[in-house]
Each structure stands twice: as C-alpha cells, then as structure tokens.
Protein chains: 2
Amino acid sequence: MSAPASKSPATLHDVAREAGVSLATASRSLNGSTRKVNEAYRQRVVEAAQRLGYTTNLFAQAVAKGSTTTVALLVADIADPYFSSIAAGVIDAASEEGLVVTIAVTGRNAQRELDTVRALRGQRPRVMILAGSRTTGSAFEDQLRGELTSFEDTGGKVAFISQDAAPFATVLLDNRGGARDLAVALASLGYRDVAVITGPPEIRTAEERLEGFAAGLAECGIPLPADRIIHADFTRDGGYRGTQELLASGASVDLVFAVNDVMAVGVVSALREAGIVPGQGIGVAGYDDIPTVRDITPALTTVRIPLEDVGRRALQLATGSVHDAGAAPAPGEPAPIRTETIIRGSTPRR
Amino acid sequence: MSAPASKSPATLHDVAREAGVSLATASRSLNGSTRKVNEAYRQRVVEAAQRLGYTTNLFAQAVAKGSTTTVALLVADIADPYFSSIAAGVIDAASEEGLVVTIAVTGRNAQRELDTVRALRGQRPRVMILAGSRTTGSAFEDQLRGELTSFEDTGGKVAFISQDAAPFATVLLDNRGGARDLAVALASLGYRDVAVITGPPEIRTAEERLEGFAAGLAECGIPLPADRIIHADFTRDGGYRGTQELLASGASVDLVFAVNDVMAVGVVSALREAGIVPGQGIGVAGYDDIPTVRDITPALTTVRIPLEDVGRRALQLATGSVHDAGAAPAPGEPAPIRTETIIRGSTPRR
DNA sequence: CCTAGCAGAGAAAGCGCTTACCGATCAGGC
DNA sequence: GCCTGATCGGTAAGCGCTTTCTCTGCTAGG
C-alpha cells in the first residue's frame, strides 16, 4: 500500500487473451468498427473487457489512428465568468461528440498565448478554440498566425471567438452592432456626457465595442472626446481604477460604459465609494450579461450574449466542417449570434 | 484551400533526416534525456526541428514512455465561480509542471460522474482531481471508489477537493470548523432565529457545513429545528426558491445561512423580491467568498476560502507524492487550508 | 460433386516515439 | 604499442492500438 505496486492497466492484449480471441478481433469488437464481428465473439470480448476493467488507451488509439479526440481551448482567464461560460458551452458540445477538452490559460499575455498554442499542438488536437486572444497587432501576431496556419495545414481546425481572425473560422459576435444599439438606447434615455472604459487596444473585441458605441453616439449627435476614453484591462480592478482616474480628471459625466461587465462592476464599486449612487448620479452600462450583473444594485444595463451558445457554436463550427467537408461555404463563415440590449436599473431615464 | 491538403505534421523521423542524424539522436537531443549528446549534433537537430516546425507528438511520447502529462479535473459546473476558481488554480499549478489539464463537467449527476471518470481513464492521466463529487452515499459510490482504486493501482493519483474520501488524498477544507466559527460570530451579533439552505444530502461538503453551523449555534444555545433546514441544489435558483419556500412557510426568521455563496445570492434576490431588505429584516450569510458577493448590496457575510490555492494544492498534493514517493505520510494527509469568517453588511449587529 | 465466392478470424505491419543494447572510436595506462 | 574502458551514434525492439492483407471454412450455383 505504501509502495505503489503499480501494475499497469489492462491492455487490449490482455482482453484478447482473456476472451480467447486475437488482438484484431478484440479491437474490432470494442469499437464498432467497419468490419463485422461474430456476435458471439463480440460478447465474449466485451465481457472480458469488463471483467478486466479495461478502457481503451486513448493515446495509443490516437497514435495508431493518426487522429485524436481532443479539443484545445485557450482562454485568457478561466475564473472570469465570460470565459467560464464559454468553456461550459464548449465542454458540453464536445462531450456530446465524444471529445475531450483541454483548457489552457493565457493570462492575457501575448507571448504566453503563443507559447501555449505551440505547446498544445503537441497534443495534436482536432480543434483549437481561441477565446480572448490578445495577439492581434502584437509583435506575436505573425508568429501566432503562422503557427495556426501550419496547424490547419496539418489537418487541425481552428476557431476564434468574437475576434474576426480573417482566414480562420470565427464565431462572430456583432460587437460593433451590439454596442451601437446600446448607445442608441442609452441616448434615447437622455444620456449625453459619456465616458468609456475599454480594454487594451490590442484586443479587437474591445476596440469593436468601443467603435460601435462611438458610432451609435454619433448617430445621436453625441460626441465622445478622446479624453473620455480610458484604457483598462478587462478586470474588475481595472474598471475600478479607470473610474477613479475618470473622477479625478474632473470630467463631468452622466454615463460610464465599460466594454465588459466585469469592469462595469468595478465601475459601480468605485462610484459608490466616491459617494455617487450609480444610476442616480451617473449611469453605468456593461457588456456580456454575466450572471453577477443581475444581482448587484442597481442591476446593470448591458448587452446580452448567449455565452454558452457561443462556446457550443465554436466547437460545432470547427468539428462541423470536419464532418461534412464541403457543405460549409467560407471557413470564416459568420455565424450570426444574436445579442440583445438589456436596460436595467443602472441607467434610468434621465 | 477547399480540400484540406492536410499533409501530416512533421515527425521525429523527418527531423532526424533533415538534421542528418539517427532517430535516436534526434530524440535524445530534443528532450534533455539522460544520455549525453554531442553539442554540435544537438544544435543541428534543434535547428532542423525549428525549420520544420516540429512539435513532439505527446500522444506518441506517452505511449512510448508509458506515462502521460495529463491531469484530469472533474467539476460539477465550470460556470460556477467556486469551480472555475479552483480550476484556475489547478491549471496554473499544472502548467508550472508542464502538465496539461483536461476538464470534464459532471453536472452534479452521480451517474454522469461515474461515466466521466471511466471515460477519462482512457486518457491515462497522471492525476485525477475531483471537485464537487456527488457520489457519496449514492448508488454509484462503490463503483466510483472501485474505479478510482483501480486507477491508483495502475499508477494514477487521485485527489478530492473538500470531501474527505477516505483512502484517497484530499485537500481538506475545514467545512465544519468554518461553518461553526461563522455561526458563533453570527450568534454574537445577535441572531437567534436561523434557517439554513443546504445542498443535496449526498454532497458531503454541504452536510459538513450544515453540521458545523448547527454545532456552532448549539454552543451558543440556539436551536436549529429540522423544519428550518431546506435542501436545495447549490444553484442561485435553488437558493431563490428555497427562500420563497421558507417565507411561504411563515417561519419567523432573522437569518438565512446558505451553505454556498451562489445560493446566498439567490436568497438575497428572493428576499428583496418579497419586499424584505436583506440585512435589515433578515440577515444573510453564505460560504466560499466568491467575487460576486462583495459586489452585491448588501455585501455578503461569508467564509472565505482561498479557492485558487485549493486548486493548486490539489495538484501539488497529487503530483508531489508522485515526485518524492516516501516523503508524504498518509495519502489522505490533511492539507490544512485556512478559512476565515468575513462579516459584511448582510449581517449587521441586531 | 466441383468450383466460385464470400464471410470473417488472425497474422503482421505500422503509427511516432523512447530506450535498451551494440559497436565503433578514442584516450589513457602499463 | 596493445589493451581496457569510457563515450556516444545508431539499430532495433518495443509501447498499445488499428487496419490491411492473408487464409481458412463455408455456402451456393452449375
């Protein structure tokens, strides 16, 4: 018990011997293969396998078959509800297809993202899904693209989430449109002096939401001066500090839009701490509709994204085109995901 | 471009040829193996590998070596912040050791949990970490234990989180102690008429927290009648409905303790909807200290668990004893995790 | 009754990698 | 100058599985 006796797991060979059949028959019996197998034999093999507690060694199977059942998912931060909801969708859809999901965390760091992709390629995953990629425009962009292209060249499929990454498939979130609609809705509620807390400029998703929001405001004749745009990092703390910065600047503002909910929560917290009641003095809006924002006070106005579906779609987008090569049109085929503006207590009519 | 030309990835063989050395030399050059390799050769191999964009096929490596670099993590629900924080810790610690994490979701379903464990064994993971296991006391308990025992017999390591699962290693959370301390603290704040919303009885963690809480109350001479204990399912919605049920029963209560924060959030929501201001009419306390509870109003009294650390510890507990077989005492060695009672606005002094 | 034809089991050749084991080369000791 | 013993490439035997191909044993048509 102290020294791990560690007999190795039963192998197919063991099963075959136990059942008194050949290796080939055992293999065929166990994975509903093309070739027929005498039902009586099949029975015996299955029983033998059960008796021995045998489970196919997926690695060996992968190397023999030359293809795996693995999906690699890269996220910036798994503890962020945005990503964990997406992950839930991916895992769910994957397990429906008998695929297994490997998750890696990039910590919003482009270098690390690249390294992670490289490392994950060693797993020869069928699919690689990138959510919250930070590489756009960074020094690593070309390398990342190269790595992914070569991954696809060798039979893999890649899917981006939210970011349109040109030759690669993407579950496109209409960030621009969603943010635009939000802006229009807020304008019609009477907001006029707006500030935005956005993400790092390398993150396309942040930029798109910012642009869309600005466009919506412009349509309503509301300006968005550059000094009202604050760059933060998608974290609650970033939203918090961004707000403090904003308040310190003395700008007179009646609305703060944070490009994701996590930061918006930080905004609310900072406002409150500064003695401003969010929603009364200053309205607050976010983006994503993570669960938390319904529960804080005031509940946050935001743009709802069906995050689990997004994850599911990403997987299907990737494996789907593996299944029926030919059906899907362009690989970047924009999968339209519906977003919805949700007005809550944090932005009452002014 | 339409038909995936799909040349397969470069193999070690290719690298060896490109570098003009043998397969063995190539292999040895690429993974700092025991045997020395002439530096000049090594160089050439490394360069050749780079030129070809070669990455070791981990599967092949695993089957050749007979051991993998995979960690399997089972969680009830990855979108639940409790689990996603733990996952973050596991992933972090794993990547430090060059291990890759596979996540599977059991959806709080014992049958599915068992199936998942079985399926994951096919991956021959080095380590299997179970968080939020539901199997205790269920019809599947014996099967699960059998599966895990046989997994350990064949060289794997298993680690449970929170639940003490006897022969297996556990990152023990002092649920009883934490809940007891909380109860005492709340009693000293003046609460007397308490109700508890707990989880399903099969989940040991829930039971322990309930017991500890009851014990703490008892110490202070406060009863906890059975009809004040409501069973829910750890979800926000469960907490919400449990509270409605409680209110409908007409019980006069001055405190609701939910055994996890997610449910506590539901409690707050239900109270508010019933026109009761949480913290004024009725105090609310939770457990876990997930990020959200600091941001809702009132901020929630809870018991803080360093969840990321818990995840990290789980991994280290498992791999650690792999590294230095002999150092670790009993496999179930209780790794003491400090929890801390945090009183916030949801339970003001009465 | 003979031969064609078809199941379907088994032998064996891999999949990409690691790792004994072998053997050539070279340095040093007597 | 010959022998011993390191040192370090290369050869080849696996790891556990799939799959092609061979070959046996039938059934059925003429």
Donor on one side chain, acceptor on other, [X] and [Y], under 3.5 Å:
X        : Y        : answer
B:Arg121 : B:Ser150 : yes
A:Glu97  : A:Thr319 : yes
B:Glu113 : B:Ser133 : yes
A:Gln111 : A:Asp115 : yes

Let me know the distance between [atom1] of [X] and [atom2] of [N], rounded to the nearest Å.
X        : N      : atom1 : atom2 : result
A:Arg17  : D:dG16 : CZ    : P     : 12 Å
B:Leu12  : D:dC15 : CG    : P     : 19 Å
B:Leu30  : C:dT19 : CG    : C1'   : 15 Å
B:His13  : C:dG14 : NE2   : P     : 12 Å
B:Asn31  : C:dC17 : CG    : C1'   : 9 Å
B:Arg124 : D:dG16 : CZ    : C1'   : 9 Å
A:Glu39  : C:dA9  : CD    : C1'   : 16 Å
B:Leu23  : C:dG16 : CG    : P     : 11 Å

How do A:Pro9 and A:Thr25 order along DNA chain D: which one's closest nucleotide is nearer the 5' end?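 On the 5' side of the pair lies A:Pro9.
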Output yes when a side-chain donor or acceptor of B:Ser22 lies under 3.5 Å from a complementary backbone atom of B:Thr25, and no otherwise. yes
Taking B:Thr102 for the side chain and A:Thr102 for the main chain, is one N or O donor matched with an acceptor at less than 3.5 Å? no
Under 4.0 Å: is that the gap between some side-chain N or O of [X] and OP1 or OP2 of [N]?
X       : N      : answer
B:Ser27 : C:dC17 : no
A:Tyr41 : C:dG10 : no
B:Ser22 : D:dG9  : no

[X] bridged to [Y] by N-O distance under 4.0 Å:
X        : Y        : answer
B:Asp142 : B:Arg145 : no
A:Arg44  : A:Glu47  : no
A:Asp14  : A:Arg51  : no

Residues in contact with DNA chain D, drawn from residues 58-69 of chain A - heavy-atom cutoff 4.0 Å: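 Hits under 4.0 Å, by residue number: A:Ala60, A:Gln61, A:Val63, A:Ala64, A:Lys65.
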Side-chain atoms of B:Val37 come closest, of D:dG9, D:dC17, C:dA12, to D:dG9
Out of D:dG9, D:dT11, C:dA9, minimum distance to the side chain of B:Asn38 belongs to D:dG9
Axis bend over the full length of the helix from C:dC1-D:dG30 to C:dC30-D:dG1, computed from five pairs that close each end, to 10 degrees: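 Taking five pairs per end, the axes differ by 50°.
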Which residues pass the side chain to side chain contact (heavy atoms under 4.5 Å, CB included) test with B:Ile129, sequence neighbours left out? B:Val71, B:Leu73, B:Val90, B:Val127, B:Ala159, B:Ile161, B:Ala314, B:Leu315
Is there, by distance only and without an angle test, a donor paired with an acceptor across the side chain of A:Arg28 and the base of D:dT20 below 3.5 Å?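 Counting by modelled atom types and ignoring angles, a donor-acceptor contact under 3.5 Å is found here.
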